[in-house]
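All chains are named by letter (A, B, ...) in the order of the sequence lines, taking the proteins before the strands, and each is independently numbered beginning at 1. Model, not experiment: these values are computed from the prediction.
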2 protein chains.
Amino acid sequence: MRASDRAYAALRDDIIEWRLRPGTVLPEVEQSERLGVSRTPLREALSRLTAEGLTTTAGGRGVVVTDISLEDIDELFELRETLEGKAAALAAERGDAAVFLQLQRELLEAPALISAIDPARHEYYELVARLDSAIDAAISNSYLAQAMRSLRVHLVRVRRLAADDYARLTAAAAEHAAIAEAIAAGNPRLAQAATTMHLHRSLSHVKATHTPQ
Amino acid sequence: MRASDRAYAALRDDIIEWRLRPGTVLPEVEQSERLGVSRTPLREALSRLTAEGLTTTAGGRGVVVTDISLEDIDELFELRETLEGKAAALAAERGDAAVFLQLQRELLEAPALISAIDPARHEYYELVARLDSAIDAAISNSYLAQAMRSLRVHLVRVRRLAADDYARLTAAAAEHAAIAEAIAAGNPRLAQAATTMHLHRSLSHVKATHTPQ
DNA sequence: AACAAGGGCTGTGTATACATAACGGATGAT
DNA sequence: ATCATCCGTTATGTATACACAGCCCTTGTT
């Protein structure tokens, strides 16, 4: 693997996992020494992060980790509803029903995964990621898929803010199962509606856990 | 201006204006000499182009200019309809009516601009760009605006393929005026419908002029 | 004591030298 | 004759040295 890829992945994870807080400046020499690479590949990594919106160049003062405000979350979910609603509808039109039926079955059994010992819920999130991938493949629209991929980076970051308790995750699994069911049934409008429902509930949950004060 | 910015702008223009045809390989040393910059800023320019999708890295063989097939155009417009339809609806809800009323007036007089001597129709395209900017500002959603900006690069490239004759441009101006009117009237569904109409006609025009053989 | 000017320092922007991997051609063996 | 292998060339990947600009601190003057 290339040094620039390693630097990019390391920095991206640090930002997504909130180990690098918003506002943190990332001087090139300091970070290149921390990650054990030279300045050249590190600069490329920073360029990619800035293109994705995870960092911004603060005019002569280096790049800084971007903040995510509550307004940002609203905007993020507004775009997400647009893109993922369309994607679900297209998947219902073009997707393979068998694939989504299988995903629906697995999602209905997801509570077992959530109650398992893994506190990070890797198995559950991996299952949801497989649903995303199946939708990506079904829509056969690389531009739309690319737009959603660039969104998901920010969404993972937001997800780390929310308290993903057992109750919410089981509800979310049921909502995902409903999306998969609608796609498997070949019903575009229902798939879009199920997606809208799920995103609104997710957004409500995030805002409820993040603005109690 | 930085050397990397100049290299990026030059290469982007060359690709958009089809001076660099799809499939053209862009070796770093050759292009750096052509543009009068070193390899380092040129590499950053190529990274940005690749992130936008105008070029792709061809594993060890350098970066190549990406192709735009007819399927790509279909996918592009599918995403465009989703994003710009939503944007028009949001602009109708949140925008300043006076701004769009003024734009509508100017668009209704656009045929005068088109029949002017300028063969590149700079004035007309500048007016359309102002409508895009007004919508961007009205939606107050930076993520959606960013997604549309990254799309427009590809769309300009496609536009260069189409025969923008007088008849099509005057029709397009009327369609744009209808969008501005709907936004000014504060009617989201009408604005979205007008956008859908315009994009479908644009797509039909592109496909009609590009697949006669 | 306060303000302005200058110098140093820290940062990014650029160039270039070196390392390394892959493609192509040529040559040999089968 | 054809295929495999080796070597040379050429490309990118990386490191580092240099250039330059902006901010802060210090110092001098008023």
Send over the distance from B:Arg2 CZ to C:dT14 P, rounded to a whole Å. 7 Å
Relative to each other, are the rings of A:His198 and A:His176 parallel, tilted or perpendicular (30° and 60° limits)? tilted
For the pair A:Ser69 and A:Asp72, evaluate side chain to side chain donor-acceptor pair (under 3.5 Å) and give the outcome as yes or no after the intermediate values. CA-CA 5 Å; A:Ser69 64; A:Asp72 282 322; 3.1 Å; yes
Between A:Ser4 and D:dT14, is there a side-chain N or O to OP1/OP2 distance below 4.0 Å? yes
Set out, in order, the CA-CA distance, both residues' side-chain angles and the distance that settles side chain to side chain donor-acceptor pair (under 3.5 Å) for B:His154 and B:Glu52, then state yes or no. CA-CA 9 Å; B:His154 298 276; B:Glu52 290 182 61; over 6 Å; no
In this structure, how many angstroms lie between the P atom of D:dA11 and the CG atom of B:Leu46, rounded? 14 Å
Is the closest side-chain donor-acceptor distance between B:Thr55 and B:Thr50 under 3.5 Å? yes
Just N and O in the side chain of A:Arg43: are any of them under 4.0 Å from OP1 or OP2 of C:dG13? yes
Between C1' of C:dC18 and CZ of B:Arg39, the distance in whole Å: 11 Å
Please report the distance, rounded to the nearest Å, between CG in B:Asp5 and P in C:dT12. 16 Å
So for atom CD, which belongs to B:Glu93, do other residues, nucleotides or ligands contribute more than 12 heavy atoms lying within a distance under 6.0 Å? yes
Give the rounded distance in Å between these two atoms: CG of A:Leu42 and C1' of C:dG11. 14 Å
Looking only at side-chain atoms of A:Val37, point me to the closest of C:dT16, D:dA15, D:dT14. D:dA15
Taking D:dA11, D:dT16, C:dT12 as options, the one with an atom nearest any side-chain atom of B:Val29 is D:dA11
Let me know the distance between CG of A:Leu26 and C1' of C:dG11, rounded to the nearest Å. 13 Å
Taking D:dT12, C:dT14, C:dG13 as options, the one with an atom nearest any side-chain atom of B:Glu28 is D:dT12
For atom CD of A:Glu33 and atom P of C:dG11, their distance in whole Å: 10 Å
Kindly point out which of D:dG13, C:dA15, D:dT16 is positioned nearest to the side chain of B:Thr40? C:dA15
B:Arg6 CZ to C:dT14 C1', straight-line distance once rounded to whole Å: 11 Å
